[in-house]
Amino acid sequence: MPLTKPSLAKFYSLKYWPIWFGLSILRLIIALPWAWRMAAGRAIGWLLYQLSSRRRSITQTNIALCFSDLNTAQQRLMVRQTFADNGIGIIETAMAWWSSHKNLTQRVSIEGGALIEQAQTQGRGVLLVGAHYTSLDLGGILLAQHYPYYATYQRHGNALMDCIIRRGRLTHLPGIVERGDIRQVIRLLKQGNIVWLAPDQDVGPQRSVFAPFFGIDTATTPIISRLASATGAKVLQFSHHRTQLDQAYLLSITDSLASIPSGQLEADAAVLNAAIEAKVRLKPTQYLWLHRRFKTRPKNSPDIY
């Protein structure tokens with residue numbers, strides 16, 4: 001069953017106070033004027049860049065691999081901007097959970113919504129394929145105001161943060177489903193619902209096929225192909241980016257994945273990765289380069305990180 005909105009009652013003990021303090025700061029920031037929010041996000045990104053040598057190293061490696069056409073100085077600038085945009089992403093997440101979305105309406109444009117409407121008119125479920133852009137929560141929740149959808153979800157390692165994330169999302173979505181609950185995802189799609197899923201993270205060698213992503217053989221989950229085959233759902237790509245010098249958002253739904261399922265998992269994975277890559281290239285620093293996307297390597301290939 002979709003997860004329910006949890007209670008915060010058990011999280012007021014002393015050990016959770018640092019998290020509550022951080023969340024309180026975020027709530028104060030999102031009460032500020034827009035330009036100040038963006039500046040605060042960049043400051044958070046700068047702080048993360050300075051304090052997290054591990055994430056900085058991962059990001060530097062990813063940028064060097066995927067944008068080898070850039071020189072060293074350009075790559076270094078891109079890494080810093082990636083941290084700035086991911087810092088803004090933290091503010092955007094807070095806005096998604098706690099801001100009045102009426103104030104965001106004038107900043108949002110949606111392209112391709114008719115594709116969702118057409119599929120639903122046909123009685124089909126919609127498999128909305130996303131990716132880990134920095135505005136993940138905000139972009140998704142802004143779309144849900146027009147096209148309510150169920151989101152797949154991976155539990156957070158910290159119990160309080162898991163509770164906060166679930167409450168934030170369930171305030172605006174009809175439901176969320178744990179990523180491993182494939183039966184529930186299939187059931188929702190067969191009922192004609194919209195389900196969001198982001199297949200752009202490394203889930204290990206046992207559950208992956210390899211396909212190019214930025215020219216690198218990348219472990220890619222074939223879950224999109226399998227869900228589409230099992231349910232007959234329409235597969236659409238969903239992306240969201242901050243535009244107009246950080247003043248607005250563009251939400252885009254496209255039919256770039258129309259060939260899935262083809263019956264060939266590797267071919268579908270190549271189409272999927274190419275489609276995600278094309279969207280990432282539009283605003284490359286608004287992607288989560290901080291995670292080890294290329295952790296799982298083909299047999300006899302050297303480790304990247």
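Remember, predicted model here, so these are calculated numbers, not experimental data.
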Within a 6.0 Å radius of atom [atom1] on [X], are there more than 12 heavy atoms belonging to other residues, nucleotides or ligands?
{"X": "Leu51", "atom1": "CG", "result": "yes"}
{"X": "Gln122", "atom1": "CD", "result": "yes"}
{"X": "Trp46", "atom1": "CH2", "result": "no"}
{"X": "Trp98", "atom1": "CH2", "result": "yes"}
{"X": "Arg281", "atom1": "CZ", "result": "yes"}
{"X": "Trp20", "atom1": "CH2", "result": "yes"}
{"X": "Gln206", "atom1": "CD", "result": "no"}

Which heavy-atom pair separates [X] from [Y] by the least distance, and what is that distance?
{"X": "Ala233", "Y": "Val126", "answer": "CB-N, 4.3 Å"}
{"X": "Asn193", "Y": "Leu189", "answer": "O-CD2, 3.8 Å"}
{"X": "Pro302", "Y": "Arg297", "answer": "O-CG, 3.5 Å"}
{"X": "Arg292", "Y": "Asp202", "answer": "O-CB, 4.0 Å"}
{"X": "Pro212", "Y": "Ala270", "answer": "CD-CB, 4.3 Å"}
{"X": "Gln120", "Y": "Gly192", "answer": "NE2-O, 3.5 Å"}

Just how far is it from atom [atom1] of [X] to atom [atom2] of [Y], taken to the nearest 0.5 Å?
{"X": "Leu8", "Y": "Leu160", "atom1": "CG", "atom2": "CG", "result": "7.0 Å"}
{"X": "Ile176", "Y": "Leu170", "atom1": "CD1", "atom2": "CG", "result": "4.0 Å"}
{"X": "Arg56", "Y": "Thr61", "atom1": "CZ", "atom2": "OG1", "result": "11.5 Å"}
{"X": "Ile116", "Y": "Ile194", "atom1": "CD1", "atom2": "CD1", "result": "5.0 Å"}
{"X": "Leu272", "Y": "Ser259", "atom1": "CG", "atom2": "OG", "result": "10.0 Å"}
{"X": "Ser68", "Y": "Ile63", "atom1": "OG", "atom2": "CD1", "result": "11.5 Å"}

If we only count heavy atoms from C-beta on, is the [X] to [Y] side-chain gap below 4.5 Å?
{"X": "Ile164", "Y": "Ile19", "result": "no"}
{"X": "Lys279", "Y": "Ser256", "result": "no"}
{"X": "Asp137", "Y": "Arg169", "result": "yes"}
{"X": "Glu178", "Y": "Arg155", "result": "yes"}
{"X": "Arg179", "Y": "Gln201", "result": "yes"}
{"X": "Trp97", "Y": "Thr171", "result": "no"}
{"X": "Leu227", "Y": "Val195", "result": "no"}
{"X": "Leu26", "Y": "Ile91", "result": "yes"}

Given Thr285, which partner from the list Thr59, Asp85, Asn86 fulfils the side-chain hydrogen bond (donor to acceptor under 3.5 Å, both in side chains) test? Asp85

Can you spot which of His241, Arg242, His240, Lys283 makes a side-chain hydrogen bond (donor to acceptor under 3.5 Å, both in side chains) with Ser135? His240

Hydrophobic cluster identity match, [X] and [Y], side-chain contacts under 4.5 Å:
{"X": "Leu250", "Y": "Leu104", "result": "no"}
{"X": "Leu77", "Y": "Leu48", "result": "no"}
{"X": "Leu265", "Y": "Ile276", "result": "no"}
{"X": "Ile182", "Y": "Tyr149", "result": "yes"}
{"X": "Leu245", "Y": "Tyr249", "result": "no"}

Short side-chain to backbone donor-acceptor contact, [X] and [Y], under 3.5 Å:
{"X": "Ser262", "Y": "Gln264", "result": "yes"}
{"X": "Asp268", "Y": "Ser225", "result": "no"}
{"X": "Gln184", "Y": "Val177", "result": "no"}
{"X": "Gln75", "Y": "Thr72", "result": "no"}
{"X": "Tyr49", "Y": "Ala84", "result": "no"}
{"X": "Glu277", "Y": "Phe214", "result": "yes"}
{"X": "Arg207", "Y": "Thr221", "result": "no"}
{"X": "Ser57", "Y": "Ser53", "result": "no"}

Checking Asp255 against Leu236 for the side-chain contact (heavy atoms from CB on, under 4.5 Å) test, could you report, in this order, the C-alpha distance in whole Å, the side-chain angles of both residues, the deciding distance, and whether it holds? CA-CA 5 Å; Asp255 206 11; Leu236 296 173; 3.6 Å; yes

Report the C-alpha separation of Thr152 and Trp196 in whole Å, then their side-chain angles, then the decisive distance to 0.1 Å, and conclude whether the side-chain contact (heavy atoms from CB on, under 4.5 Å) test is met. CA-CA 6 Å; Thr152 56; Trp196 175 94; 4.1 Å; yes

Before you tell me yes or no, could you show the steps for Asp200 and Arg293 under salt bridge (charged side-chain N to carboxylate O under 4.0 Å, His left out), namely the whole-Å CA-CA distance, both residues' side-chain angles and the distance that decides it to 0.1 Å? CA-CA 8 Å; Asp200 62 326; Arg293 183 65 188 93; 5.7 Å; no

Parallel, tilted or perpendicular: which one describes the rings of Tyr16 and Phe11, with boundaries at 30° and 60°? perpendicular

All side-chain contact (heavy atoms from CB on, under 4.5 Å) counterparts of Pro298, not counting sequence neighbours: Phe210, Asp217, Ser301

Which is it for Ile253 and Leu143 under the side-chain contact (heavy atoms from CB on, under 4.5 Å) test, yes or no, and what are the steps along the way? CA-CA 10 Å; Ile253 299 100; Leu143 182 73; 3.8 Å; yes

Can you name the residues that form a side chain to side chain donor-acceptor pair (under 3.5 Å) with Arg55, not counting sequence neighbours? none

Applying side-chain contact (heavy atoms from CB on, under 4.5 Å) to Tyr147 and Phe238, what does each step give before you reach the verdict? CA-CA 12 Å; Tyr147 304 102; Phe238 174 48; over 6 Å; no

Could you walk me through whether Asp246 and Arg42 pass the salt bridge (charged side-chain N to carboxylate O under 4.0 Å, His left out) check? CA-CA 11 Å; Asp246 297 339; Arg42 295 186 197 99; 2.8 Å; yes

